[in-house]
Amino acid sequence: MSTPLRALRQRRRDSVAVYGILLAGAALWLFPLVTAVRASIAHGGVANYWTVLTSTYNGVSLLGAFVNSLIVAALHAILVCGVGALAAYAFSKIRFPGRETLYHAVLIFLAVPGVAIIVPVYWITGQLALFNTHLGVALPEAALTLPFAVLMLRNYADGIPDELLEAARIDRAGHGQAFWHVFLPLCRPALINLGALSVMWSLQDFLFPSMILKRSDLSTAAQAVRTIESSFGPTPEQTSQYFAALVLLAVPVIVLVVGGLRFITQGITSGGVKE
Amino acid sequence: MRSKALGAAALFLLPLLAFYGVYYLYAFGVLVDASRTRTSLSFTDATVVGWENFRLVITDELFLRAVLNNLLFAAVSIAAALTLGFFLAVSLASGVRLRRFFFTVFLLPSLIPLSLFATVFGRMLETDDGAVNALLGVVGIGPVDWLGSTGPSYAALFVLLVYLVGLPIMYYTSDLATTNTAVLESAMIDGAGSGHMYRLILFPMLRNTHKTVILSVLLGSFRAFDVVFFSTKGEPGGRTQITGTYIYNTMLGENRIGYASAAAVIVLVFALAISALQVLVTRRRAR
Amino acid sequence: MRATSLIGALVVALGLTAGCGDSGGVGGAGEKPATQKTAAAGEPVTLKYWTWFPPESTLKTTIAAFEKSNPGIKIELREFEAADYQKQLPLALSGGEQLDIVGVQVSAMTNSVHEQLRPVSEWEADLPAGWRDKLAASPVAQSEKIAKDGVLYSIPMGSIGSAIMLSNTAMLGELGVAAPKTMDELKAAVDKIKAAKPDVKPVVFSGEPYWQEEMLFTLSGQTAPTLSDDLLAGRKPWNAPQMVQALTDYKSLFDKGIFDKSVLSLKGNRPAELFGSGQAAFLIDGSWQSSMLSDIYRKANKISIADVGASAVPVLGGGQPAARAFAEGGLSIPKASQHVKEAAAFIQFMTMGPGVAEWAKDLVLVPTFKDFQVDPSVLTSQSAKDGYGAVIQVINGGGSARDSNQAFLNQVEGNAILDVIRGETAPDKAADHLQEEWSSGRYAAQ
C-alpha cells in the first residue's frame, strides 16, 4: 500500500519514532487486559476459567448471559434498522411540508442521556408489562439509538439518485413498492453498518438491563459484571475467579466486535454530524 | 399532491414517531410529573411538593459540580481526540506494518462494555496493590493515592477518557482515506520536516473532520455514565461525579424518585439546549 | 428475500419475549396479598428466596438441609451485593415480582419495603405456638420498633454489631504481640509489625464511604454511646461537640500512624481478602466476619491463617469498648407470595429450627434463637473462643443502634468523613456541612 502519508515517515528517525509511539501505545492500551488476565490466573491458574464457565453465580451462568446479550442486541438492531430505514426514506425521498424542521427536531435527541429517562422508562415498562423481557430492554435502547440511525441512514439515502426510485414509481408502484424493492436493497451496506453498531451499543448497555431484567436467568453480560460480584468470597482464589469471569465476559464481545470492525467503523463515520 | 405526500410520509414516519411519542414525549411528561412529587418507584405513594425538588437540586453544590465535570470531561475527551487521536490515525494511515493489529488494539476499550473496562481499570487504581502504581513504581514514581485526593482522581479519569479515543480515530481514519494528501510529497521535496507536515499541512486539511469529532464527542459526553460509575464512583467526596452518576445515585434511599427526576429534567433541558443550538448553527450555515 | 427473513426473525424474536413480561407492579400491582395456591399432591412447591446475606456458600448448605427434611419444597435462592440489594428489592416488590421469602436489612430496608410485606401476625398461625418465647426479646422488639407503623414484618435471624476487630493470632504470636485493648497498644503492635514484616499491612478496613460511618460511631460510642441514635433521631445536631470530637478522634488515628491512608483505596471484599491471605494483621469489619474465627470455615474457603482472634475495637482515651448493634437478617413473606404456608415453614427452620445450627456454624450472626449453642468443633482455639465471647459481649453492650439514613450516608456523610481523614476539611467545618445538608430537606425522611 502506498500513500502520500508515507512521506511522514520518510526519514528513518521519523519512522522509528512512529513505530516507537505505536508500540508503546499498544502496550499501554493492552495493559488493562493483561492485568485482568494475570489477576485471573494468579491463584488457581487457568483452571479458574473452566470453574467460572461451568458454575452459576447468584443464578447467573456466563453462557446464559451471552445468549441474553445476543437476543437483546439482535432485537435492538432489528428495531433500529427497520424503523430507521422507514424514516430515512420519508426524510430523503418524499417531499412533504415541514420535512427539514421535523428532521432537525428528530436529531436534537442525539444528546439525550439514558440515565435521565430511567424513571419514566421504568414506569412505561410497567405499563406495557415488559419487565423481565428482552424486548423491554431493546425498546428503550432503540429509542436512544434512533436519532443516530435517522441521521446516518438519511446521509446515506441522500446519495441514492432519486431517478432510481422514480423509475420504480412510474411502473405505477407506490412508495411502499419503491421502498421495498429499490430503496431497501440499495441501503443494504448502510443497514449492515448500522446493524453492527446497534449490536455493539446494545452489548455495552448496562443501565436498562439492570433496571428491567430482574430475573437472574435473564441477566446480560454487561449487567453480569455487577450481579455476579457479590457471590465471589473474600479469598484470593475467588477474586481470581472473578477476574476470570470478567475476562470471559469480554471475549465474545471482542470476537464479535473485531469480526465486525469494518462495519462498525464505516457505520460510525457515515453517521458523523457533518457540516 | 402535497397532502398525498404528507400522508405517505406520515405512514413511513409512524414507527419513528411512535418511539418518540412514547420514550421521549410521554416520558418527559412522566418525568416532569414525578419531579414535582415525593415518591418511590412504584409511584403509588406520591405527595405533590411543587417545585421544591428543583430548588433542592439547583442549590446542591454536588449537582453543580457534576454539571461542570461533564463539561470538563468533554473538553478533555476533545483535547485527546484532536491530538492523540489525530496523531494515531495519521500514523496508522501512513502504511505501517501490523496496521490492523494496532487499529484493533486502540479501538478495543471504546468497543467493549464500559462496565467491564472501567471495573478492571478501577481495580488497577488501588494504592498498594494496584497495577497502575506497580507500573509507576518501576520508574520510581508513587505510590499515588488515586482516589484519595481530587487531583489524582481527576488524573485517573482523564487517563480513562484518553483510553476511549477510539471513536475519533475512526473518524480520522475514514476521512484520511478520502482526502487527497499528495501535497505532502511536494512538501517533502521542499524539505519540510514531519512536525511541520502534521501541524501546518495535515491538521488544517482535516478541518471538517475536527468539527465532526468535536460535535460527536460533545454529544456523546452527555450520555457518559458508566465511565465514572464503574471506576471512581465519584470519589473523592463526590467531586468527580458527572450528571449521569448523580441522577443514578440520588435514586437510592426512601422516596427519592421525585428528586432524581428533577435532576434528570434539568440535565435533559441542558443537553437538549446544546443539541438544538448545534442544529440551528448547522442549519444557518447550510443556507 | 432478505427483508422477508428479517421480518421473520423479528416475529420469532418477539414471540420469544412476549407473554412472559410483567408490570413490575408499577402503579401498585404488588399491593394486595396474593391468593394462595395449594400444591397438587406429589408436586414440589418452589419458593423464591432473595437475600444479600449470609454468603451463598453458607446458605446453600442450610437450604440443602431444609430441602432434605421437606421434600415437597424447593428453594430458589438469589443473592445480591448489600448496597445493590437495597435498590433491587424495593423495585422488585413494587414491581410485583413473585417472591416468597425475602431477607430484609432490618434497619436499612424495613421502611422502604414494608408496604409490600405481610405482617408476621398474618402468618404466625403457621409458626409453632409460643414462638416468641423461643427467641431473644430484644432483636424482635428492635425489628418491630423500626417500622414506622410499629408492626413486626420480619423475624430477625440474629444480631450483628460493628465495628469489631479480627486479628491474625498466629502472626501476632510469632511477633510476641498481645491482643491490643487500647489504641496505644494497637500503635505499639502496628510499629512492631511494620518493623518485622514490611510487606504486611498492619490494619485494614474498607475505604468505602459507608464504612467510615461505622468506624466513626464505633469510636464515639466508647465515650458517647448514644451519639448515633441522637443524631439520627434529630435529638442532636450534626455539628454537636461530640460529633466534632468523633471526627477529630478518627482523624487522629491516621495522624498517629495507627491507620494508614492507603487502606482507604480498598473496596468491596479486598480488606477481608488481604486479611484472609495473611497480608494484613488486623481487620476491622462487622461481626459478620466472625466466620473467620471458625476453623471449618477457613478450611472450606481456603483461608490459610492458622489461628484467628477477635475483640472490640481498641479503646481510645479511656472509654468503654463499644459497637453499634442491631437485629439483622430479617426474614419476611411478601404479599405477592402464593405459598405463605411453605415460606413460613422455611422461616421457622431458619430462625428457630434446625437451620440455625446450620448457618450459625459460620458465625455470621449471633442467632436470635435462645437454645443455640456454638458447636464445639467450630471454635477450636482459645483465641477463637475468647474472640467470639468478646463479639457477643460488645453486641449486647447497649450502644447505639446500627442504623443509618442510607441516602444521607452515601451521598454526604461518608464523603464528609473521608474528607476529614484526608485533611481536606477541618472537623468542625465538616460537622457544620453535615448539619447543613441534613436539614436541607434533600435526604432526611423525617
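If you're wondering where the values come from, they're calculated on a predicted model, not measured in any experiment. Residue numbers start from 1 in every chain, and the chains themselves are labelled A, B, ... in the order their sequence lines are given, proteins ahead of strands.
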Of the listed C:Arg270, C:Lys261, C:Lys267, C:Gln86, the one with the largest count of heavy-atom pairs under 4.5 Å with chain B is C:Arg270
Within residues 419-432 of chain C, which positions have a heavy-atom distance to chain B below 4.5 Å?
C:Asp419, C:Arg422, C:Glu424
Could you check B:Thr245, B:Leu160, B:Thr119, B:Val120 and say which one makes a side-chain contact (heavy atoms from CB on, under 4.5 Å) with B:Phe230?
B:Thr119
Let me know if C:Leu409 has heavy atoms under 4.5 Å from chain B in its side chain, its backbone, both or neither.
neither
Test item: side-chain donor near acceptor, B:Asn53 and B:Ser35, under 3.5 Å
no
Do B:Ser153 and B:Thr240 have side-chain atoms, one donor and one acceptor, less than 3.5 Å apart?
no
Contact part of B:Asp60 toward chain C, heavy-atom cut-off under 4.5 Å: side chain, backbone, both or neither?
both
Can you see whether C:Ser265 engages B:Thr127 through a side-chain donor-acceptor pair at a distance of less than 3.5 angstrom?
yes
Between B:Lys233, B:Gln241, B:Glu126, which has the largest tally of heavy atom pairs under 4.5 Å with chain C?
B:Glu126
Taking atom types as modelled, find out whether B:Thr250 and B:Arg256 have a side-chain donor-acceptor pair closer than 3.5 angstrom.
no
Which heavy atom of B:Ala262 sits nearest a heavy atom of B:Phe54, and at what distance?
O-CE2, 3.8 Å
Among C:Glu213, C:Arg442, C:Glu413, exactly one meets side-chain contact (heavy atoms from CB on, under 4.5 Å) together with C:Phe408. Which residue is that?
C:Glu413
Heavy-atom contact with chain B under 4.5 Å, split by part of C:Leu418
side chain
For a quick check under 3.5 Å, do C:Gln212 and C:Tyr250 share a side-chain donor-acceptor pair by atom type?
yes
